[in-house]
Amino acid sequence: MISVSEALSEKYVGKNVTLRGWVYRARSVGKKAFVVLRDSSGIIQAVGEEPALSADEFKIASSLTVESSIEISGILKEDKRAPGERELVMNSLKVYCRNDNFPVTKDKGEEFLLDIRHLWVRSREFTSVLKIRNTVFKSFNDYFYSQGYYQVQAPMMVSTATEGGSTLFKVPFFGQEVNLTQSSQFYLETMIFSLEKVFTIAPSFRAEKSRTWRHLTEYWHAEGEVAWYGNEDMMKEEEKMMDYIISEVLKHNVEDLERVGRDINKLKNMNSPFLRIPYRRIIEIGNELGLKLEYGMDLGADEERTITNHFDKPVFVTDFPVSLKSFYHRPDPDHPETVLCHDLLAPEGYGEIIGGGERIWELDVLKQKLKDFGMPEDDYYWYLDLRKYGSIPHSGFGLGLDRLVTWIAGLKTIRDSIPFPRTIRRTKP
RNA sequence: GCCGCCGUAGCUUAGUUGGUAGAGCACCCGGCUGUUAACCGGGCGGUCGUCGGUUCAAACCCGACCAGCGGCGCCA
């Protein structure tokens, strides 16, 4: 038993081999049956005719249907007429499951593809997305392990919010209520006091009723937190991480990127250092590009698109005004009206994929911030304790892995980056 | 939450001024000695999203409901 990619290599030419998989296409011409077989590694054409196949087998081979599961044996031959220039000349055929009417055909609409996502995940296009996604997740892990980080896990059921409280999912919990987590950040912060450098990959949940190409209700959140790091240290780490992830995708997934239509040359250009532009300057650049921005305004989707289309590499936007960021961001001691933070905006109009920065580590400053934001100290007693006992400067970040995959693969919507997207109106399949 | 849009066969869709539904793909049958999303001929397949209204007559006009999509805001 060998895989399709092995069968396409030189070493099996002339040998009798057996392949298992699914029918990608089936055609018959006169006394010959052509079957294109698909497995996880690729597709290969097989040809069948009598007497190498029995009369019964030939009849079955010439009437196979799309996505039926089969096992075929035969001699591998070079043949310029076959796609891939190698094909299997069948001498036996076994059918595991013959389908009638596989629902996916050449005509497919976006909604229908979401309804039959459990079948669409077999398509060559989506298989390529899954392979790119796999490289992104693996290389994220590998990068941080190589830098001495520890992977940790935080609870998904929590009682405190990290962002605004209105975006929390409430779930019943033994007669009480808990929330599904929006971020593992605060839990990661607790663990830097023992491990110093930690990261996690976990789902985060947002109950915002977003209807956009860049939001999921449940998304994969990669987060890191590092003792003693300042904002600039954190950005440098993220640049190296991004370099590594992109180089790994370019190393393992060129064929996949081509299949999903990604411009690979653009991706090759995405190496560090990335630009660092303070928020104040972004406002000026936006106005030079014809936008009407004022200091203190948040960057909306249109503004972000205009700005990120202006650059051909990712851009760190730093030093946001205090009012635009959540309570845990550390104000710049030299410019207390801004916080020591960064957003990483992907170019080509894709926009924000990372948010991070220094955390407030002084107890009195954090208490004041909680008060300013109208958040009850009691709920955050454990977060405040971190500032009471051996508190240290530290920084962290959160990365939207689905957004990263969307950008790297050049996809139209974040829903195409994940096998089973959860959105405001979709929980099936 | 706000603004906009769509719903006809399993899928993609045509359907004029209101006159009772047509195609391509998939599937089935037949043909073809090398197909490349094969091709050619035939066949199967429709509660026109649901309910109600107007009309001699509704896929088409009106209303309500259901389902979904796009954009904004929020963020990763």
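What you are looking at is a predicted structure, and each value in this text was computed from that prediction instead of being measured. In what follows, chains carry the letters A, B, and so on, assigned in the order in which the sequence lines appear, proteins first and then strands, with residues in each chain numbered from 1.
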**Message:** Under 4.0 Å, counting only non-hydrogen atoms across every strand here, what does A:A222 touch: a base, just sugar-phosphate, or nothing?
**Reply:** nothing
**Request:** Using the C1' atom as the reference point in each nucleotide, state the distance between B:C28 and B:U13 in Å, no decimals.
**Result:** 23 Å
**Message:** Would A:Y219 count as stacking on B:A76 if stacking means ring centres less than 5.5 angstrom apart and planes tilted under 30 degrees?
**Reply:** yes
**Item:** Polar side-chain contact A:R403-B:C75 base: donor and acceptor under 3.5 Å
**Value:** yes
**Prompt:** Which nucleotide, B:C28, B:C32, B:A76, lies nearest any side-chain atom of A:T65?
**Reply:** B:C28
**Asked** Say you pick atom C1' in B:C6 and the same atom in B:G49; how far apart are they, in whole Å?
**Response** 11 Å
**A:K32, nearest nucleotide to its side chain (from B:C27, B:G34, B:C75)** = B:G34
Just list the side-chain donor-acceptor pairs under 3.5 Å for residues 149-159 of chain A, sequence neighbours left out, or say none.
| unit_1 | atom_1 | unit_2 | atom_2 | d |
| --- | --- | --- | --- | --- |
| A:Y149 | OH | A:E237 | OE2 | 2.5 |
| A:Q151 | NE2 | A:N141 | OD1 | 3.2 |
| A:Q151 | NE2 | A:Y145 | OH | 2.7 |

**Asked** So, A:D56 versus A:S54: side-chain donor-acceptor pair below 3.5 Å or not?
**Response** no
**Message:** Taking pairing as Watson-Crick or G-U wobble with both contacts under 3.5 Å, can you name the mate of B:C28, or confirm there isn't one?
**Reply:** B:G42
**Message:** Suppose you measure atom P in B:G46 against the same atom in B:G10; what distance do you get, rounded to whole Å?
**Reply:** 7 Å
**Request:** Would you kindly check whether a donor in the side chain of A:E49 faces an acceptor in the base of B:U33, or vice versa, at under 3.5 angstrom?
**Result:** no
**Request:** For A:I353, report the nucleic acid contact type (base, sugar-phosphate, nothing); a contact means any heavy atom under 4.0 Å.
**Result:** sugar-phosphate
**Request:** Check every strand shown and say whether A:R81 touches a base, only sugar-phosphate, or nothing at a heavy-atom separation below 4.0 Å.
**Result:** base
**Message:** Looking at A:R86 and A:E78, is there a salt bridge between them, counting it only when a charged N and a carboxylate O are closer than 4.0 Å?
**Reply:** yes
**Message:** Before you tell me yes or no, could you show the steps for A:Q185 and A:E223 under side chain to side chain donor-acceptor pair (under 3.5 Å), namely the whole-Å CA-CA distance, both residues' side-chain angles and the distance that decides it to 0.1 Å?
**Reply:** CA-CA 7 Å; A:Q185 177 192 324; A:E223 294 174 277; over 6 Å; no
**Prompt:** Is the A:F140-A:Y244 ring centre distance short of 6.0 angstrom?
**Reply:** no
**Asked** Which value, in whole Å, describes the distance between the P atoms of nucleotides B:G1 and B:C62?
**Response** 27 Å
**Asked** Taking the same atom, C1', in B:G53 and in B:G15, what whole-Å distance lies between them?
**Response** 24 Å
**Item:** Protein-nucleotide distance (A:D100, atom CG; B:C25, atom C1'), rounded to Å
**Value:** 16 Å
**Complete:** Atom NZ of A:K325 and atom C1' of B:A76 are separated, to the nearest Å, by 10 Å
**Request:** For B:C25 and B:G41, measure between their P atoms and round to the nearest Å.
**Result:** 10 Å
**Prompt:** Please give, in whole Å, the distance from B:C11 C1' to A:N101 CG?
**Reply:** 9 Å
**Request:** Check the distance between B:A76's C1' and A:L188's CG and give it to me in whole angstrom.
**Result:** 15 Å
**Fill in**
A:E87 atom CD is separated from B:G34 atom P, nearest whole Å, by 13 Å
**Message:** Mind checking if A:E67 touches a base, just sugar-phosphate, or nothing, with heavy atoms under 4.0 Å?
**Reply:** nothing
**Request:** Would you mind checking if A:D302 and A:R305 are paired as a salt bridge, meaning a charged N to carboxylate O distance below 4.0 Å?
**Result:** yes
**Item:** Of the listed nucleotides B:A76, B:C11, B:U33, the one nearest the side chain of A:F112
**Value:** B:C11
**Message:** Between B:G18 and B:A57, how far apart are the two P atoms, rounded to whole Å?
**Reply:** 15 Å
**Message:** Protein within reach of the bases, or only the backbone? For nucleotides 66-73 of chain B, mark each nucleotide 5' to 3' as B, S or -, using heavy atoms under 4.0 Å.
**Reply:** --SBBBBB
**Asked** With both distances under 3.5 Å as the test, what is the Watson-Crick or G-U wobble partner of B:C66?
**Response** B:G7
**Prompt:** If you look at every strand shown and take non-hydrogen atoms under 4.0 Å, does A:V66 touch a base, only sugar-phosphate, or nothing?
**Reply:** sugar-phosphate
**A:E358/A:R330 salt bridge by N-O under 4.0 Å criterion** = yes
**Request:** Would you please indicate if the ring centroids of A:H329 and A:F327 are separated by under 6.0 Å?
**Result:** no
**Item:** Among A:D402, A:D416, A:D256, salt bridge (charged side-chain N to carboxylate O under 4.0 Å, His left out) partner for A:R133
**Value:** A:D402
**Request:** Round to a whole Å and report the spacing from CZ of A:R422 to C1' of B:C75.
**Result:** 20 Å
**Prompt:** Does A:R206 count as lying over the ring of A:Y219, i.e. NZ or CZ under 6.0 Å from the six-ring centre, within 45 degrees of the axis?
**Reply:** no
**Request:** In whole angstrom, give the distance that lies between atom CD1 of A:I116 and atom C1' of B:A26.
**Result:** 13 Å
**Request:** Between B:U35 and B:G71, how far apart are the C1' atoms? Round to whole Å, please.
**Result:** 45 Å
**Request:** Answer with base, sugar-phosphate or nothing: what part of the nucleic acid does A:I354 contact at a heavy-atom distance below 4.0 Å?
**Result:** sugar-phosphate
**Request:** Can you tell me the distance, in whole Å, between the CZ atom of A:F102 and the P atom of B:C11?
**Result:** 14 Å
**Asked** Can you check whether A:R98 has a side-chain N or O nearer than 4.0 Å to OP1 or OP2 of B:C28?
**Response** yes
**Asked** Within the structure shown, what part of the strands sits under 4.0 Å from A:D79 by heavy-atom distance: base, sugar-phosphate, or nothing?
**Response** base
